[in-house]
Amino acid sequence: MSKVILFQGDSVTDSQRDRNCDGICYGMGHGYALLVASRLLADHPADGLRFFNHGISGNRVVDLYARWKIDTINVKPDILSILIGVNDTWHEAQCQNGVELDRYEEVYRMLVAWTRRALPKCQMLLMEPFALPFGQPMTWSAKLRAEIPKRAKIVKKIAADFNIPFLPLQKKIDAAVKAAKGNYAHLLMDGVHPACAGHQLIADEWIKATKEFF
């Protein structure tokens, strides 16, 4: 039976996707979502898998909520992947328009609960937000150190409370940086946005985490 797989999030997911090509190759961007779709389409050629990338650069969790009906519920995904959190910290440091931790958790829970009610058969994957302390994050390093791990902990707790798989990424990225002899940019170009190796790492971990879905 065919499945619809939807990726939701911010610029890490968006990866410069073509908004005019929703649901086909150009609409997947050039990041982990494209790599996941490419691998699974090659591995399951007869399954009729359909992939959509609805990540939007700059989004916070409240931005996801504002467009959740049209960009998620109406798509009726069989599998939904969510990666959100870095802008909720970053926007506060840049322009005092972030999302504080308690509201981040409240709205994130609302998204998951809404999806469960509207799409009870939808399988979800909650991905850990991540960053590295160099490049762009250096301008808000204090908040980075304090908040990104806290947001990751929140996502992990929500996943556990709703019995949803959680995809940890920060430790994997840290280990890959160590293997790259401390070259942060080998994984994340600017401390936030993945380079080629970073996107491949995320895609590989995504496929491992969802192997029971296919």
Side-chain angles (χ1 to χ4, degrees), residues 5 7-16 28-40 42-43 53 55 57 59 61 79-90 93 101 104-105 108 123-214:
I5 300 94
F7 297 91
Q8 275 288 13
D10 52 33
S11 57
V12 176
T13 300
D14 183 331
S15 290
Q16 299 181 342
M28 295 306 297
H30 59 237
Y32 78 90
L34 174 65
L35 295 172
V36 168
S38 299
R39 179 73 271 156
L40 293 177
D43 288 348
N53 181 351
S57 181
N59 267 196
V61 72
I79 298 170
L80 171 63
S81 172
I82 306 173
L83 173 57
I84 197 74
V86 69
N87 288 320
D88 299 78
T89 294
W90 195 350
L101 291 169
Y104 173 78
E105 179 171 3
Y108 205 131
Q123 295 173 292
M124 286 183 264
L125 178 69
L126 306 189
M127 302 172 66
E128 180 182 37
F130 55 82
L132 290 173
F134 90 108
Q136 291 178 340
M138 286 301 291
T139 62
W140 43 283
S141 58
K143 277 191 172 292
L144 170 74
R145 289 191 298 270
E147 286 200 9
I148 297 300
K150 291 179 181 179
R151 294 189 191 278
K153 187 176 180 180
I154 287 169
V155 177
K156 185 175 182 179
K157 185 175 187 299
I158 293 172
D161 290 346
F162 283 89
N163 193 28
I164 293 170
F166 170 74
L167 176 53
L169 290 169
Q170 186 69 62
K171 287 185 178 179
K172 295 285 186 180
I173 291 170
D174 292 342
V177 168
K178 185 176 181 180
K181 301 185 184 302
N183 183 0
Y184 289 135
H186 184 68
L187 275 300
L188 305 182
M189 294 182 294
D190 54 8
V192 174
H193 300 95
C196 292
H199 276 298
Q200 187 65 65
L201 182 153
I202 295 168
D204 290 346
E205 294 301 318
W206 195 101
I207 290 171
K208 291 176 188 176
T210 61
K211 61 183 179 181
E212 301 301 325
F213 292 179
F214 297 92

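- In this structure, Asp161 pairs ionically with Lys157, as a charged nitrogen and a carboxylate oxygen lie closer than 4.0 Å.
- By the 4.5 Å heavy-atom criterion applied to side chains, Trp206 and Leu169 are not counted as neighbours.
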query: So Ile82 and Tyr108, side-chain contact (heavy atoms from CB on, under 4.5 Å) or not? Walk me through it.
result: CA-CA 10 Å; Ile82 306 173; Tyr108 205 131; 3.5 Å; yes

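- Looking at Ile79 and Leu125, their side chains never come closer than 4.5 Å, going by heavy atoms from C-beta outward.
- The existence of a salt bridge linking Lys208 and Glu205 is confirmed by a sub-4.0 Å separation between a basic side-chain nitrogen and an acidic carboxylate oxygen.
- Closest heavy-atom contact between Asp10 and Asn59: CB-O, 3.6 Å.
- Using a 4.5 Å heavy-atom cutoff, the side chains of Ile158 and Phe166 are not in contact.
- Heavy-atom minimum distance, Gly191 versus Phe134: N-CE2, 3.2 Å.
- Asp43 places none of its side-chain heavy atoms less than 4.5 Å from the side chain of Phe214.
- A pairwise comparison of heavy atoms in Met189 and Pro194 identifies CE-O, 3.5 Å as the closest pair.
- Across all non-hydrogen atoms, the minimal contact from Gly85 to Pro129 is CA-CB, 4.2 Å.
- For the atom pair CG (Leu35) and CG (Leu40), the distance works out to 11.0 Å, reported to the nearest 0.5 Å.
- Nearest approach of Thr13 to Gln8, heavy atoms of both residues: OG1-O, 3.9 Å.
- When all heavy atoms of Asn53 and Ala33 are compared, the closest pair comes out as ND2-CB, 3.9 Å.
- Taking the six-membered ring for Trp and thresholds of 30 and 60 degrees, His193 and Trp90 have ring planes inclined between 30 and 60 degrees apart.
- Atom CD1 in Ile173 sits 6.0 Å away from atom CG in Leu201 (nearest 0.5 Å).
- Between the CG atom in Leu80 and the CD1 atom in Ile5 there is a gap of 11.0 Å [rounded to 0.5 Å].
- A 4.5 Å side-chain heavy-atom check between Asp174 and Leu132 finds at least one atom pair inside the cut-off.
- Going from atom CG of Asn183 over to atom CG of Leu188 covers 10.5 Å, rounded to the nearest 0.5 Å.
- Side chain of Glu128 to backbone of Gln170: a donor-acceptor contact under 3.5 angstrom is found.
- Distance CD1/Ile164 to CG/Leu126: 5.0 Å, rounded to 0.5 Å.
- The aromatic rings of Phe7 and Tyr32 lie perpendicular to each other, with more than 60° between the two planes, well past the 30° mark.
- From Met127, atom CE reaches atom CD1 of Ile84 across 11.5 Å, with rounding to the nearest 0.5 Å.
- Considering Asn87, Val12, Asp14 as possible partners of Ser57, the one that fulfils the side chain to side chain contact (heavy atoms under 4.5 Å, CB included) test is Asp14.
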